[in-house]
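Input: a single structure, listed below in structure tokens.
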Amino acid sequence: MIGCHLSVAGGLHHALVEAAALKLECVQVFTQNQRQWKARRLTREALDLWRRRRVARRPVVSHAGYLINLAAADPALRRRSIAALRSELRRCEALGIGVLVLHGGAHNGAGEAHGLDRVIRSINRVHRGLPDGSTVLCLETTAGAGTTLCGTLEHLAFIRRNVDEPGRVGVCLDTAHLFAAGYDLSGAAQTQDTLQRCEAVLGWDAVRAAHINDSKTPLGSRRDRHEHIGHGHIPLEAFAEVVNHAYLRTIPLILETPKAVAPDGRSWDEVNLAVLRGLLE
Ligand SMILES: [Zn+2]
Ligand SMILES: [Zn+2]
């Protein structure tokens with residue numbers, strides 16, 4: 001199912017109104033300002049407006065804030081991250097959002113093993129504090145820049161294997177991040193190979209959502225720059241493999257491409273959606 005990340009400016013329900021207008025099959029939102037620690041208070045009015053616009057057949061994915069770093073070596077930052085993630089999950093539960101996407105964090109020089117261990121222990125603490133949650137926390141594949149974790153599928157598999165409650169932890173793939181991290185999507189055959197590797201390392205049941213972005217930077221560049229579909233280094237044949245894949249076509253595939261007006265006067269979201277839909281067989 002194909003959708004977009006949409007803005008919640010003016011209220012969370014605005015994303016649902018726009019999703020309907022764009023005829024999306026799924027939608028992704030931030031349930032709070034993604035660059036701040038301070039959590040948005042979910043008022044009864046906001047919840048009512050949300051529920052009124054919510055349609056069961058259009059799944060919603062939430063993306064967690066960017067400040068959260070479960071791998072942080074600084075204990076104060078890790079505690080703050082754990083509290084913020086719990087609050088993200090609580091908002092998802094209140095809003096009936098089944099999937100929360102989170103960046104794995106960065107070890108800031110402490111080393112990958114220490115970073116992964118801190119992520120695992122932090123997730124366990126988050127889950128112990130929310131024993132009845134049903135929202136699945138999905139760690140996202142990253143471009144692997146600097147000391148960022150989860151630039152390899154093995155990191156994601158390792159975290160899932162070692163958390164106390166693996167059923168509450170999933171994965172969100174991102175085509176631009178995979179490509180920048182060195183996973184080849186430069187043609188149909190290469191994409192089939194990369195997707196087979198995803199299945200072999202993670203298993204499809206772990207993958208609950210994917211971000212569909214073209215990459216402004218080349219294969220293995222380790223730089224995360226999203227581009228409009230068909231305008232970057234990933235060819236349309238690769239996107240066709242993804243959107244028509246027997247498993248991937250059944251989960252939310254979310255565009256996170258730049259927002260603006262395209263040269264033909266349509267919004268870029270409309271243009272990118274039309275390109276992806278045109279690839280469907
Ligand atoms: Zn992300
Ligand atoms: Zn990205």
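Note that these values count all heavy atoms, side chains included, but never hydrogens, waters or copies made by symmetry. Numbers for residues simply follow the sequence, beginning at 1. Both counts, for ligands and for their atoms, begin at 1 and track the order of listing.
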Is it true that some N/O/S atom of [X], main chain or side chain, lies under 2.8 Å from the Zn ion (ligand 1)?
| X | result |
| --- | --- |
| H211 | no |
| E140 | yes |
| C172 | no |

| More than 12 heavy atoms of other groups within 6.0 Å of F158 CZ | no

| task | Report, as yes or no, whether the 6.0 Å neighbourhood of atom CZ on R277 holds more than 12 heavy atoms from other residues, nucleotides or ligands. | result | yes

| Which of the N/O/S atoms in H177 sits closest to the Zn ion (ligand 2)? | NE2

| message | Using a strict threshold of under 4.0 Å (side-chain N to carboxylate O), is an ion pair present between E93 and R90? | response | no

| query | What residues form a side-chain hydrogen bond (donor to acceptor under 3.5 Å, both in side chains) with R168, not counting sequence neighbours? | reply | E165

| query | So among N272, D174, T257, which one has a side chain to side chain donor-acceptor pair (under 3.5 Å) with N213? | reply | D174

| note | ang(NE2 H226, the Zn ion (ligand 2), OD1 D224) rounded to 10° is 90°

